[in-house]
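Read the structure below first, then the notes.
When reading the values below, keep in mind they use all heavy atoms of this one structure, side chains included, and skip hydrogens, waters and symmetry mates. Sequence lines set the chain letters: A, B, ... in the order given, protein chains first and strands last, and positions in each chain run from 1.
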Amino acid sequence: MLKNTKTYFPIFKKYPDLVYLDSAATTQRPKLVIDAINQFNSFENANIHRGVYDLSNSATKNFELAREKVAKYLGSTNPKTIAFTSGTTNSINIVASSFLRPRLNKDDNVVITLLDHHANFIPWQMLAKEKEAEFRVVPIDKNGNLDLTVLEKSLDQKTKFLSLNHISNSLGTTTDIGEIIALAHKKNIPVMIDAAQSIAYYDLDIHQLDYDFLAFSGHKMFGPFGIGVLYVAEKWMKNITPYNYGGGIIKDVTIEDTTFSDFPFNIEAGTPNISGVMGLSSAIDFIHKFDKKEMIQHISDLVNYCTDQLISIDKVKIIGNPENRSGIISFVVDGIHPHDVASFLNQDNIAVRAGMHCTQPLLAAMNTSATVRVSFSIYNERKEVDQLKNSLVELIKFWS
Amino acid sequence: MVVTKEEVQALYKAHILPENNNPYHFEAKDNASTSLDAYNPMCGDKFQLHLNVKDDTFDTVHFHGFGCAISKASTSILLRKIEGISKVDAIALCEKFLKNLTEDNQVDEFDKELNTLIALKHFDGRIDCIKLPWEALLAHLMKG
């Protein structure tokens, strides 16, 4: 188990009694990242790519070094495979709009899975509607697992794209994306991975996994809000066209026409979130302080312990029982709405999420309208699970 | 204003749980003269309000659906308040209640049930649960 990890995070110094079990929504921010953002805002602030003065040159250099760092984080030696976006949702929408829209025709199909977040669901659904293409949603079994045989059957000659998450933000299902990518590539289908829930803890080396597109957000990997990444494999870079016009993405502008820079610069119109990039860069430094296997082991221990504790409470039912579960558990309490559960846990300083978690079709398939979700990160401890259990037991007693 | 755990528990025990456990006219009435949804897509709470209107007055009203204890209690209380009153009076009641619910200070007097709902606005982000059926009904009535 990791030890004393709370000390990296100022929020736990301010609120030592806080039991933060909502890291799937956003991870807490370490001092290292906060300091990096403050450093830039206080002493290094300048716009990039536009000035010839020292501050601007320095900001530009650090911005591009961050791009290089993100590329290396994914095992890519080419920083130009990395575009900075506002987050996972933005990255997915860019691929839907810039890459797939020109390639998707009537009667083609685009495939996602029932485990996907609305951010990796609606962009493809809307595009399929627009193009009169088929929107295929691969089902899951009653435990919340994807059946790879079913998924493989969903991929055919008319499939133009497959997009799926690595980890379900609702059920915690961890999918074997390497095998799925290989299946899709056998049929020449490009694959996008929504790595929002896995990017902080899992090794997503491009050479191991061979994804075509990858999206993630800074704020779910100890970084700031408002910054995200879109990775595009070299072979597809020329197929990503601007989706948002403005300054900073052009080669040449005349009254008659405009020509554009190549990816990634052609999708970074306007002034980017420079301080966010500095924070993201620092978040990667923070993650490098840890062994990822130890991070996963730490979270896995907490999830297994929490699962055992929840099962032991009469009236608590865990939603889904995936073979490989990450740091996320959804559950319901018989007779008490998830919103009420979350509100009462909050009274005991326990922060959890309640609702649909932007996965309405998934919850419908699991025969529930809303759940309570707990999610763990490196700063959580077993004693917090005990507090969760005690509060739930007390709530159930109060409610009856 | 911070509400203590004990205060919240007292409010729940005295008013919300009884209303939640025995809601007023909690029954699907698909043949009602008017039906509308009170739906919060953020949390999934969804109630169908089934309203029978005669001569611009709510004759019998029912509701059905899924939601938290507060939204269910709020819907139950709302329906009890509007049964037997005119649409015009229902609009006035909804507007007055929502005004007192959303403004910092309560300026109007209500009965114990509505005062309880208003008191719960200080309970960590649950104001949307209270507002849900009132806003849905008001929007419906304002459309004519």
Side-chain angles (χ1 to χ4, degrees), chain A residues 15 17-20 22 25 117-119 121-122 170 315 319 330 332-373 387 390-400, chain B residues 1-23 26 28 37-48 63-77 116-133:
Chain A
Y15 303 108
D17 296 331
L18 170 64
V19 178
Y20 186 74
D22 198 20
H117 187 282
H118 290 170
F121 192 107
I122 302 167
S170 265
K315 293 195 172 181
I319 303 298
S330 266
V332 292
V333 182
D334 185 28
I336 312 178
H337 189 279
H339 221 141
D340 295 311
V341 175
S343 280
F344 273 83
L345 291 178
N346 180 53
Q347 297 293 312
D348 292 334
N349 294 317
I350 300 172
V352 302
R353 192 147 289 255
M356 298 190 284
H357 321 298
C358 294
T359 54
Q360 197 175 344
L362 170 59
L363 292 197
M366 301 303 284
N367 295 316
T368 186
S369 301
T371 72
V372 182
R373 184 187 73 184
Q387 287 174 261
N390 291 340
S391 289
L392 285 170
V393 169
E394 188 192 341
L395 169 62
I396 291 165
K397 193 176 164 192
F398 167 76
W399 210 267
S400 58
Chain B
M1 190 172 111
V2 176
V3 181
T4 66
K5 183 178 175 180
E6 289 70 29
E7 286 171 330
V8 169
Q9 285 189 337
L11 282 172
Y12 261 71
K13 207 73 174 177
H15 305 286
I16 300 302
L17 290 183
E19 199 76 43
N20 179 61
N21 295 335
N22 295 293
F26 190 69
D37 281 344
Y39 178 47
N40 181 351
M42 297 300 288
C43 64
D45 284 9
K46 192 174 196 176
F47 292 108
Q48 292 82 45
F63 79 112
H64 204 253
F66 173 78
C68 67
I70 293 182
S71 63
K72 195 173 181 182
S74 185
T75 310
S76 175
I77 291 168
T116 301
L117 289 178
I118 291 171
L120 276 167
K121 74 179 178 182
H122 301 292
F123 183 30
D124 58 57
R126 303 299 297 273
I127 193 166
D128 287 344
C129 312
I130 306 169
K131 284 187 333 192
L132 181 69

Run the side chain to side chain contact (heavy atoms under 4.5 Å, CB included) test on A/Ser343 and B/Arg126 for me, step by step, so that the C-alpha distance in whole Å, both residues' side-chain angles and the decisive distance to 0.1 Å come before the verdict. CA-CA 8 Å; A/Ser343 280; B/Arg126 303 299 297 273; 2.6 Å; yes

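- A/Gln347 and B/Thr4 make their closest contact through OE1-C, 3.7 Å (heavy atoms, listed as atom of the first residue, atom of the second, distance).
- The shortest non-hydrogen separation linking A/Asp340 to B/Ile70 is OD1-N, 4.1 Å.
- When all heavy atoms of B/Cys43 and A/Ala370 are compared, the pair lying nearest together is O-CB, 3.8 Å.
- Shown here is A/Phe398, whose CZ atom has more than 12 heavy atoms of other residues, nucleotides or ligands within 6.0 Å.
- Of all heavy-atom pairs spanning B/Lys13 and A/Ser400, the tightest one is NZ-O, 4.0 Å.
- Among B/Lys72, B/Lys46, B/Lys5, the residue making the largest number of heavy-atom pairs under 4.5 Å with chain A is B/Lys5.
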Apply the test side-chain hydrogen bond (donor to acceptor under 3.5 Å, both in side chains) to residues B/Asn20 and A/His337: give CA-CA distance (whole Å), side-chain angles for both, the deciding distance (0.1 Å), then the verdict. CA-CA 11 Å; B/Asn20 179 61; A/His337 189 279; over 6 Å; no

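- The greatest number of non-hydrogen atom pairs below 4.5 Å with chain A, out of B/Gly67, B/Pro41, B/Ser71, is found for B/Gly67.
- No other option in A/Gln360, A/His357, A/Met356 has as many heavy-atom pairs under 4.5 Å with chain B as A/Met356.
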